[in-house]
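Everything below concerns the one structure shown next.
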Amino acid sequence: MTLKLGYLLPTRERVMVGVHDTDRILELGDVAEQVGLDSVWIGDSLIAKPRHDPITLLAAIAARTERIALGTAVLLPMLRNPTLLAHQLATLDRISCGRFVLGVGTARDVPAIRAEFEAAGVPFEKRIGRMLEGLRLCRALWSGEPVDWDGRWKLEAATLAPEPFTPGGPKIWGGGGVPAALRRCARNFDGWFPSGPGGGAEWGRSWQALKADAKEAGRDPAEIVGAAYVTVAINDDPGVAEEELDSYLSRYYNLPAERIRAEQYAFAGDRAAVAGWLGGFVEAGASHLCVRVTGSDDAAQMEELARLGESLG
């Protein structure tokens with residue numbers, strides 16, 4: 001299995017320190033392609049964790065790159081009207097010539113995200129059902145055929161153009177590690193893209209459960225991409241790496257680092273230790289890792305990640 005490595009672009013981190021311009025983010029998309037990474041990713045938030053809009057920014061990166069895949073890590077599709085979302089993503093898929101991956105999430109139940117839903121005029125309750133119906137509607141519109149829809153949204157003989165570059169629309173990856181999320185992904189999505197607790201061993205146990213769910217649903221598990229969203233701090237001094245990771249997580253989430261490390265894949269150490277930790281996901285069956293690296297020199301971090309990718313195969 002060939003591992004693909006991606007890099008989370010620092011849109012949130014730059015806004016947190018008052019830098020709102022986009023020039024450097026676009027340049028980092030170029031750098032990621034130049035150093036040989038496989039993908040770049042952008043997160044999504046309106047007011048809970050303010051940052052640049054991922055769809056707009058990924059379209060700009062797509063227009064100036066040729067090879068690298070682009071994805072959302074992760075988009076909250078229920079905050080957007082699905083007809084509008086389908087139109088935006090079909091256009092982005094055209095700009096990228098099929099390099100776009102739609103990573104989606106269900107939103108954590110915390111006050112800031114509830115406020116975000118309220119600000120968008122979307123009820124927080126039943127958000128998973130809203131997400132699934134909205135994505136089904138997107139896929140129907142991506143077919144290029146007239147769509148009649150009678151549900152949360154009403155459409156009569158609606159035809160969307162342009163059709164996506166990817167037949168049937170961009171690939172959709174969903175996260176979550178609880179049994180219901182695994183079943184949901186096994187039945188509905190093209191990839192599994194969690195950021196859960198532990199490391200490769202924990203990811204692997206859930207991956208095996210998801211593949212069993214896929215078989216039960218009549219799907220070939222080989223058709224589903226096993227991916228993960230991880231955070232690492234790399235430093236020759238493991239103690240410094242630990243301090244960097246804790247500082248980064250506590251500032252980013254405004255919560256104790258210990259809590260975040262208990263909820264998300266996160267690791268600190270020197271290059272060999274980080275490579276070994278990432279290798280645990282590969283051994284468990286992961287074929288694509290989106291890596292968020294702490295630190296301020298993103299170009300150097302991308303080069304370091306590319307070197308790690310060579311050692312991981």
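Position 1 is the first residue of the sequence; numbering continues from there.
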According to side chain to side chain donor-acceptor pair (under 3.5 Å), who are the partners of [X], at least two apart in sequence or on a separate chain?
X	answer
Asn81	none
Asn188	none
Ser143	none
Asp23	none

Could you check if a side-chain atom of [X] sits within less than 4.5 angstrom of a side-chain atom of [Y], using non-hydrogen atoms only?
X	Y	answer
Gln34	Asp30	yes
Leu89	Trp142	yes
Asp190	Val225	no
Thr91	Pro162	yes
Pro123	Glu118	no
Leu155	Leu141	yes
Ile128	Arg184	yes
Phe189	Ile224	no

Give a yes or no on whether a salt bridge exists between [X] and [Y], defined as a side-chain N under 4.0 angstrom from a carboxylate O.
X	Y	value
Arg80	Asp44	yes
Arg261	Glu258	no
Arg307	Glu310	no
Glu13	Lys49	no

task = Compute whether any side-chain donor of one residue and acceptor of the other, for Tyr253 and Glu263, lie under 3.5 angstrom apart.
result =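 No, no side-chain donor-acceptor contact under 3.5 Å.
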key: Side-chain donor-acceptor pair present, Arg99, Thr65, cut-off under 3.5 Å   = yes
Path from Trp277 to Leu5 over hydrophobic side-chain contacts below 4.5 Å =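 Both belong to a single hydrophobic cluster.
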task = Report the distance from atom CD of Glu125 to atom CG of Asp109, rounding to the nearest 0.5 Å.
result =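 Atom-to-atom, Glu125:CD and Asp109:CG are 8.0 Å apart.
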inquiry  = So, applying side chain to side chain contact (heavy atoms under 4.5 Å, CB included) with Leu9, which one of Asp298, Ile61, Leu57 is it?
reply    =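 Exactly one pass, corresponding to Ile61.
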inquiry  = For Leu3 versus Leu289, what's the shortest heavy-atom pair and its separation?
reply    = CD1-CG, 4.0 Å
task = Give the minimum heavy-atom separation between Gly6 and Leu305, together with the two atoms involved.
result =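 Shortest heavy-atom contact: O-CD2, 3.5 Å.
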query = Looking at Tyr248, is Arg292 sitting on its ring face, NZ or CZ under 6.0 Å from the six-membered ring centre and within 45 degrees of the normal?
reply =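 The answer is no, since Arg292 fails at least one limit relative to Tyr248.
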query = If only atom types and distance count, is the side chain of Arg139 paired as donor or acceptor with the main-chain N or O of Gly169 below 3.5 Å?
reply = no
inquiry  = In terms of relative ring orientation, are Trp41 and His288 parallel, tilted or perpendicular, with 30° and 60° separating the classes?
reply    =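 Perpendicular, since the angle between the ring planes exceeds 60°.
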task = With sequence neighbours excluded, tell me which residues meet ring pair (Phe, Tyr, Trp, His ring centres under 6.0 Å) with Phe124.
result =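 By the ring pair (Phe, Tyr, Trp, His ring centres under 6.0 Å) rule, Phe124 matches Phe117.
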Would you be so kind as to tabulate the donor-acceptor pairs closer than 3.5 Å made by side chains of residues 200-218, with sequence neighbours excluded?
residue: Glu202; atom: OE1; partner: Gly199; partner atom: N; Å: 2.7
residue: Trp203; atom: NE1; partner: Ala227; partner atom: O; Å: 2.9

